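Quick notes on the structure that follows.
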Amino acid sequence: LYRYCIILTPPNVTGSMHMCHAFQDTIMDCHTRSQRMQGKNTLWQPGTDHAGIATQMVVERQLLAKGISRHDLGRDRFVEAVWQWKEESGDTISRQMRRLGASVDWQAHRFTMDDELSLTVRKVFVSLYKEGLIYRGQRLVNWDPVLHTALSDLEVLSEEENGKLWHICYPRADGRGQVVVATTRPETLLGDTAVAVNPQDERYSDLVGLMLELPLTGRRIPIIADDYVDPGFGSGCVKITPAHDFNDYEIGKRHDLPMINILNPDATLNENAPLAYQGLDRFKAREKVVADLQAAGLLERVESHKLMIPRGDRSQAVVEPYLTDQWYVKVEPLAKPAIEAVEDGRIQFVPANWSRTYFDWMHRIEDWCISRQLWWGHRIPAWYDDKGNIYVGMDEQDARLRCGLDSSISLRQDEDVLDTWFSSALWPFSTLGWPEPTARLKSFYPGSVLVTGFDIIFFWVARMIMMGMKFMDDVPFRTVYIHGLIRDGQGQKMSKSKGNVLDPLDLIDGIDLESLVAKRTTGLMQPKMASAIEKATRKEFPEGIPAYGTDALRFTFAALATTGRDIRFELGRVEGNRNFCNKLWNAARFVLMQTEGQTVKASFEPGPIDRWILSRMDRMVSEVDAHLGEYRLDLAAQSLYEFVWNEYCDWYLEFTKSTLQGEDENAKPATRHTLLSVLETTLRCLHPIMPFISEEIWQRIRPQLGIQGDTIMLQPWPQAGRRDQSPDQDIDQDIHWLKEVIQGVRRIRSELNISPGKPLDIRFQGGNETDRERLQCYQGVFGQLVRAASIQWVDDLADTSQCAVALLAELKILVPLAGLIDVDAELTRLHKQLEGEKAHVKTCQSRLGNRRFVENAPAEVVEQERQRLSEHESNLTRLDEQIKKLQSMNN
RNA sequence: GGGCGCGUAGCUCAGCGGUAGAGCACUGUGUUGACAUCGCAGGGGUCACAAGUUCGAACCUUGUCGUGCCCACCA
């Protein structure tokens with residue numbers, strides 16, 4: 001595969017960048033950049049979404065501030081106003097993405113209402129209509145009485161709220177008693193057309209078929225039997241309101257009941273309600289119904305009751321099930337291939353668990369209501385004649401043509417627009433020029449990976465898969481990478497109303513406290529929250545937010561991109577990574593100081609220390625590569641961080657100082673070259689995560705290495721295992737030894753409180769041939785890093801009672817401190833170590849003493865354990881010896 | 001009611017079958033020509049609990065407790 005494509009989740013034109021965008025963009029950019037460096041033809045497809053309801057609400061609110069409603073303007077002028085607003089502020093988020101370093105293909109930018117994309121939408125609509133996969137139907141929909149539009153199931157969010165359960169008496173028409181029904185919505189009583197009981201319920205079996213007096217209405221309704229009714233709940237009798245409840249609607253259809261719609265579009269009661277209630281808001285009507293029932297003695301009792309209240313996700317208004325004509329997509333035929341694509345692995349979810357969520361939903365999927373009673377969006381390409389016949393086409397002319405209508409018949413277009421997600425579902429191919437067979441379409445469909453949050457798996461991912469399978473006959477992407485949501489440090493969702501929003505750009509550029517407070521407290525829906533928000537903000541950010549820079553922010557996002565769990569975002573992480581950026585920068589400064597104007601030899605025999613860092617780097621490169629391939633940016637970032645800081649800076653740079661400040665002129669050019677080339681390779685590895693700093697440093701070191709090319713962005717991605725030398729196991733062990741020896745001396749210094757500046761005499765005792773060879777090889781470096789005044793081997797009989805000691809297997813590292821040694825301090829130190837060794841020996845012994853362990857565990861594990869034991873035993877013996885010597889001194 | 005997660009160092013999180021890890025915070029110390037946004041050294045964890053599988057469990061199984069999210073028509 002030589003091509004790589006990621007589609008950007010198109011942000012709303014209304015939007016500005018929030019943390020989730022920045023997080024997501026970082027992930028996508030990392031992959032795009034690394035794939036680009038791997039030589040692939042990459043496309044990261046950007047764009048924005050017209051976001052029907054959200055955008056319309058924003059503009060309406062602005063007009064309202066000027067005292068104008070959209071109805072004052074009329075449809076055409078209102079839509080014009082939205083376009084104008086879009087032109088003015090629609091590219092905010094694109095500008096912010098540039099600041100983040102997002103390497104999208106800006107020339108390919110699309111907007112879901114571009115002419116080209118609108119054409120795609122109509123084409124798909126017409127095509128699905130022709131196939132019978134789009135139809136117009138009257139049924140119950142979720143109706144938002146504030147926005148006056150239908151909503152899809154997904155746009156309705158239910159939450160548990162405290163309500164009441166009213167028990168109401170319905171008298172029998174024959175005057176022989178009554179039944180009691182329980183309801184959470186007494187006002188719907190006015191639209192009841194039956195009462196249902198369970199057919200198995202013996203209490204009521206005699207009553208089925210009888211009529212009841214429906215209170216307050218003068219109507220009579222039957223008692224019917226239906227399995228839906230749970231005899232155990234309440235009285236076992238359910239009032240049935242087919243026009244205002246989804247279950248009742250189904251029952252109504254089963255029993256052929258009349259459907260009485262008692263509501264207007266704004267949820268006031270209409271002419272089908274008794275006169276006394278007409279025009280009342282539904283909640284006012286509820287109060288009146290209850291009061292009237294009570295007055296009539298028909299209210300048996302009221303109890304408090306928790307129930308799920310459905311609200312529109314935009315307006316927060318309580319949604320009504322409402323009987324209207326709407327357009328629907330018949331999804332079952334579309335869902336089947338979309339399910340199969342995931343089942344057979346053509347699409348993979350990462351992490352894989354999410355496929356289950358996907359399947360659960362896809363298997364229960366219901367027809368998708370796609371019409372919205374809005375003005376902003378893709379207007380539905382359907383026309384009606386005076387008799388209400390429907391004509392669908394690309395435009396009015398096309399519709400006439402298809403149906404053979406001449407111009408004498410007047411048509412009017414459907415007033416509604418399509419659900420925003422309808423056009424979003426086409427995004428993977430609409431942006432590439434479909435239905436034209438463009439080169440872009442051929443190259444970049446299917447996309448490689450979709451990076452998104454789990455919150456829009458249903459809204460978007462599933463629908464893209466369905467539409468992709470339908471119109472491209474292929475999956476829209478091969479991998480769906482689901483990331484977690486960014487939350488604040490306390491785990492709260494970031495929201496304007498909570499006042500805990502962080503703006504990614506404020507983390508990049510910094511912001512002072514007053515500006516931050518102002519930003520968080522202006523434009524609140526609930527202005528009274530302002531003081532609490534201000535207080536919390538001042539407490540959390542007493543100094544405001546410092547400028548961390550883009551790369552630090554990106555690195556933080558990468559490091560936080562673990563497997564799918566939600567992310568608590570803490571400034572401490574950004575600060576730590578800002579320091580990492582700084583560390584890298586300073587390391588580069590060191591390298592430049594050592595190499596500028598100096599001989600740098602490209603062809604050389606690297607010394608052992610150079611070979612060591614090359615070997616470690618090789619390992620890092622292969623780790624980063626593997627982790628990127630598994631979408632584990634967190635692990636990739638960690639490998640880079642550890643290599644740069646803990647190996648390259650902490651050890652390698654320190655090692656080279658000995659060579660570079662030493663006498664051996666011949667060794668210097670090679671070391672300089674290694675310094676540069678390791679830095680250069682590391683920069684290429686870092687570049688996808690930290691594009692700015694890596695580029696900046698790379699430009700400065702490029703000349704010394706004689707590298708061709710204008711930018712690190714297009715340099716080859718580092719390959720592990722490419723260099724001639726095999727993995728340098730021996731060198732790794734050498735340097736491990738060297739570090740241990742150095743740390744042994746440092747520990748003595750630190751624990752005995754010896755000034756870091758004081759040169760020390762170092763003595764080695766015991767040890768084996770390898771120890772001697774190693775010391776000979778690394779004596780210079782060792783001496784430099786521990787500040788040795790002298791280094792000598794002493795024989796086994798030498799008096800070491802005046803020495804502090806560090807142990808490394810058979811080797812004793814001694815620091816003679818004649819007369820200065822604080823014997824008590826040293827004894828304490830040694831006893832502490834002794835206890836540690838004892839514990840280790842005990843663990844090892846008990847393990848090896850277990851016959852079943854020795855018999856069953858793999859040989860290498862047992863062998864490893866034996867070695868461990870002998871090492872600890874040896875340490876134990878030597879520590880014991882040294883303690884005895886010191887104690888004898890003390891006496 | 002179903003589904004998916006999570007409970008590991010003070011905090012935020014990796015690790016997911018072979019001696020408990022990172023960052024931040026903490027302690028001691030240090031301006032040795034890359035870096036005090038730093039160096040060096042150090043403290044800190046019966047890996048929620050219980051039982052099981054295994055030579056061996058933070059890791060696998062089962063259960064319990066706590067916690068978060070998603071889906072669902074109980075009036």
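Proteins get letters first, then strands, A, B, ... in listed order; numbering begins at 1 in each. Quick caveat: nothing in here was measured; it's all calculated off a predicted structure.
- Comparing the P positions of B/rG23 and B/rA9 gives a spacing of 16 Å, expressed to the nearest Å.
- Along RNA chain B, the nucleotide closest to A/Y228 and the one closest to A/D650 are compared, and the more 5′ of them pairs with A/D650.
- Between the CD1 atom of A/I742 and the C1' atom of B/rG39 there is a distance of 14 Å, rounded to whole Å.
- Rounded to an integer number of Å, the gap from A/W585 CH2 to B/rC35 C1' is 13 Å.
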Strand RNA chain B in bracket notation, Watson-Crick/G-U under 3.5 Å with | for pairs to another chain
((((((((.[[[[.)..(..]]]].(((((.......))))).....[[[[[..)....]]]]])))))))....

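- Heavy-atom neighbours of A/H831 NE2 from other residues, nucleotides or ligands within 6.0 Å: above the threshold of 12.
- The gap from the C1' atom of B/rG44 to that of B/rC26 amounts to 9 Å, rounded to the nearest Å.
- Other residues, nucleotides and ligands place more than 12 heavy atoms under 6.0 Å from the CD atom of A/E303.
- With hydrogens and angles disregarded, a donor-acceptor distance shorter than 3.5 Å links the side chain of A/N586 to the backbone of A/N582.
- OP1 or OP2 of B/rA14 has at least one side-chain nitrogen or oxygen of A/T562 nearer than 4.0 Å.
- What separates CG of A/L640 from C1' of B/rA22 is a distance of 15 Å, to the nearest Å.
- A salt bridge links A/R311 to A/E161: at least one charged side-chain nitrogen sits closer than 4.0 Å to a carboxylate oxygen.
- Remark: the separation of the C1' atoms in B/rC16 and B/rC47 is 11 Å, to the nearest Å.
- If you take atom C1' in B/rC24 and the same atom in B/rG43, they sit 16 Å apart, rounded to whole Å.
- Few gaps surround CD on A/Q661; more than 12 heavy atoms of other groups in view lie less than 6.0 Å from it.
- Considering only the side chain of A/D230, B/rA75 comes nearest among B/rA75, B/rG23, B/rC35.
- Distance CZ (A/F359) to C1' (B/rG2): 18 Å, rounded to an integer number of Å.
- Between A/R356 and the phosphate of B/rC4, there is a side-chain N or O to OP1/OP2 separation shorter than 4.0 Å.
- Under 3.5 Å, the side chains of A/E155 and A/S152 contain a donor-acceptor pair of N or O atoms.
- A/W651 has no side-chain polar atom (N or O) that falls below the 4.0 Å cut-off from OP1 or OP2 of B/rG39.
- B/rC24 atom P lies 7 Å from atom CG of A/N579, rounded to whole Å.
- Taking atom CD of A/Q638 as the reference point, atom P of B/rA14 lies 11 Å away to the nearest angstrom.
- If you check every strand for non-hydrogen atoms under 4.0 Å, A/C649 touches a base.
- Between B/rG21 and B/rU61, the distance separating the two C1' atoms is 26 Å to the nearest Å.
- The listed nucleotides are B/rC13, B/rC73, B/rA41; the one nearest the side chain of A/R565 is B/rC13.
- Put simply, A/Q864 has no side-chain N or O that comes within less than 4.0 Å of OP1 or OP2 on B/rG18.
- Here the nucleotide nearest the side chain of A/K583, chosen from B/rA41, B/rC4, B/rC38, is B/rC38.
- Within a 6.0 Å sphere centred on NZ of A/K739, other residues, nucleotides and ligands contribute more than 12 heavy atoms.
- Rounding to whole angstrom units, NZ of residue A/K306 and P of B/rC73 are separated by 20 Å.
- Here B/rC55 is the nucleotide among B/rA14, B/rC38, B/rC55 with the atom lying nearest to any side-chain atom of A/P858.
- Nucleic acid contact class of A/V229 (heavy atoms, under 4.0 Å, all strands): base.
- A/K832 has no side-chain polar atom (N or O) that falls below the 4.0 Å cut-off from OP1 or OP2 of B/rG42.
- Distances shown here put a side-chain N or O of A/R568 below 4.0 Å from the OP1 or OP2 atom of B/rC13.
- Applying the salt bridge (Lys or Arg N to Asp or Glu O under 4.0 Å) rule to pairs touching residues 180-200 of chain A yields A/R185-A/E187, A/R185-A/E320, A/E187-A/R286, A/D192-A/K239, sequence neighbours excluded.
- No side-chain donor-acceptor contact under 3.5 Å links A/R787 to the backbone of A/K758.
- Among the protein residues, A/Q743 comes within range of the sugar-phosphate backbone only, with heavy atoms under 4.0 Å from sugar or phosphate atoms but none that close to a base.
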